[in-house]
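Only heavy atoms go into these numbers, but all of them, side chains included; no hydrogens, no water, no symmetry mates. The structure displayed is predicted, hence computed values, not measured ones.
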Amino acid sequence: MELGLVGLGKMGGNMRERIRRAGHTVIGYDRNADLADVHSLQELVDSLKGPRVVWVMVPAGAATQSTIDELGELLSPGDVVVDGGNSRWTDDEKHAGELAAKGIGFVDCGVSGGVWGLENGYALMYGGDADDVAKVQPVFDALKPEGDFGSVHAGKVGAGHFAKMVHNGIEYAMMQAYAEGWELLEKVDSVTDVREVFRSWQEGTVIRSWLLDLAVNALDDDEHLDKLRGYASDSGEGRWTVEAAIDNAVPLPAITASLFARFASRQDDSPQMKMIAALRNQFGGHAVESKK
């Protein structure tokens, strides 16, 4: 099938390549002309045969809103817009309503996989009407990991981004647990090779995971994380998860504590946040702050 893809950064560029490897045609637009196949949204829409599917991979908030507004003026009834960025689920309902008034479908899709997705595939959580999802399904099948899992129609509009938000909240808590354990191991005199302790956990233990593998990668690059400053930012989903928990009276003590720990990292040079920063860089290519 044909797909228009808006936003060709770290995630979008790799997604374009993976979809093309599956035999589909992808026409990409980015404000950076060096990355783009076409040089305007108008040209992108004109290059696609109807019914069109346009996937948006731009920052949440104003950038996504303006892109969807412009596409709403360019697309035709029966076309579908997919928001694959990290938008808040409440924005999805607004976008779906605005596009539905023009006869255009909308699907929200949470995408996980970071910089490793090109080779490993992307875990996909999507929400929307079944007919709209069906128009995008070949692309979902191209992006997902091999095997029976890694892709789910989570529910109605907003469900995909809500599921991805909860996924990221869990990720916060898991990274915090690894970081706390790493700092405690580093602190005591009796443990002389913390990196190899972490490596030993990669097989046969109940805490083995891809995050643990990435922690070992980070320690192989910088055994004691001496090059990093103990600062880790939060991208929004952790806050939204805690806010949703409050709205629904669901206790989330571990996820909430992990979010507050990131706030604490902005007050001093936290050893734990060195590990959090290293993990975020490993899986998502997120920026780290080096020691001066």
Side-chain angles (χ1 to χ4, degrees), residues 10-11 86 110-117 120 123 163-246 250-292:
K10 286 182 294 188
M11 287 279 283
N86 281 329
V111 182
S112 182
V115 296
W116 300 81
N120 297 343
K164 177 58 162 49
M165 177 194 74
V166 174
H167 164 282
N168 284 20
I170 293 169
E171 176 189 293
Y172 273 49
M174 291 176 66
M175 289 196 292
Q176 184 65 28
Y178 285 127
E180 291 175 6
W182 173 78
E183 182 180 359
L184 182 57
L185 287 166
E186 285 277 329
K187 193 74 172 179
V188 301
D189 294 333
S190 57
V191 179
T192 57
D193 199 336
V194 175
R195 178 177 59 185
E196 293 310 309
V197 170
F198 260 59
R199 197 188 310 278
S200 75
W201 293 344
Q202 290 180 278
E203 299 292 342
T205 72
V206 296
I207 64 166
R208 64 189 186 273
S209 72
W210 186 41
L211 278 176
L212 179 62
D213 295 341
L214 295 176
V216 172
N217 288 351
L219 295 174
D220 281 340
D221 293 338
D222 180 7
E223 183 173 357
H224 302 288
L225 303 183
D226 292 328
K227 300 174 185 175
L228 299 182
R229 179 173 169 246
Y231 176 99
S233 62
D234 66 287
S235 55
E237 291 97 329
R239 298 186 191 211
W240 299 342
T241 305
V242 172
E243 290 169 3
I246 293 170
V250 175
L252 298 185
I255 292 173
T256 303
S258 67
L259 175 64
F260 284 7
R262 294 200 185 186
F263 296 161
S265 80
R266 297 162 200 187
Q267 299 171 347
D268 53 29
D269 192 25
S270 165
Q272 293 172 23
M273 288 304 126
K274 292 183 179 182
M275 177 57 77
I276 299 292
L279 282 168
R280 295 180 80 244
N281 179 257
Q282 284 284 324
F283 68 72
H286 298 288
V288 296
E289 294 199 8
S290 300
K291 281 205 165 179
K292 305 276 185 185

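Shortest non-hydrogen contact noted between Leu225 and Lys274 is O-CD, 3.4 Å. The shortest non-hydrogen separation linking Ala277 to Ala232 is N-CB, 4.3 Å. In plain terms, the two heavy atoms of Met273 and Ala261 that are nearest each other are CE-O, 3.6 Å. Residue Tyr178 comes nearest to Ile207 through the heavy atom pair OH-O, 2.5 Å, listed as atom of the first residue, atom of the second, then distance. Nearest heavy-atom pair, Thr241 versus Met165, reported as atom, atom and distance to 0.1 Å: OG1-O, 3.0 Å. In this structure, Ala173 and Ile255 approach most closely via the heavy-atom pair CB-CG1, 4.0 Å.
A distance-only check finds a donor-acceptor pair linking the side chain of Asp222 to the backbone of Lys227 [under 3.5 Å]. Of the possible polar contacts, one joining the Lys10 side chain to the Gly285 backbone as a donor-acceptor pair under 3.5 Å is found. Side-chain atoms of Arg208 never come within 3.5 Å of backbone atoms of Glu203 as a donor-acceptor pair (strictly under, hydrogens ignored). Remark: side-chain polar atoms of Trp182 are not paired, donor with acceptor, to backbone N or O of Ala177 under 3.5 angstrom. In terms of modelled atom types and a separation under 3.5 Å, the side chain of Thr256 and the main chain of Pro253 share no donor-acceptor contact.
Neither side chain, Ser270 nor Tyr231, offers a donor N or O lying under 3.5 Å from an acceptor on the other.
Taking the side-chain hydrogen bond (donor to acceptor under 3.5 Å, both in side chains) definition, one finds that Ser200 meets it with nothing, sequence neighbours left out. Every residue two or more places apart in sequence or in another chain that forms a salt bridge (charged side-chain N to carboxylate O under 4.0 Å, His left out) with Arg199 is listed here: Glu196, Asp220. Residues forming a ring pair (Phe, Tyr, Trp, His ring centres under 6.0 Å) with Trp240 (at least two apart in sequence, or on another chain): none.
Here Trp116 contributes atom CH2 and Trp210 contributes atom CH2; the two are 7.0 Å apart, rounded to the nearest 0.5 Å. Interatomic distance, OG1 of Thr192 versus CG of Leu185, reported as 11.0 Å (0.5 Å rounding). Interatomic distance, Asn86 CG to Asn168 CG, rounded to the nearest 0.5 Å: 6.5 Å. The structure places CG of Leu279 at 10.5 Å from CD of Gln176, a figure rounded to the nearest 0.5 Å. Taking CD of Glu183 as the start and CE of Met275 as the end, the distance is 10.5 Å to the nearest 0.5 Å. In this structure, CG in Leu211 is found 6.5 Å from CE in Met175, a value given to the nearest 0.5 Å.
Asp193 places none of its side-chain heavy atoms less than 4.5 Å from the side chain of Val197. Inter-residue side-chain proximity for Ser233 and Arg280 is flagged as met; some heavy-atom pair is nearer than 4.5 Å. Using a 4.5 Å cut-off on side-chain heavy atoms (C-beta onward), Ser112 and Lys164 make contact.
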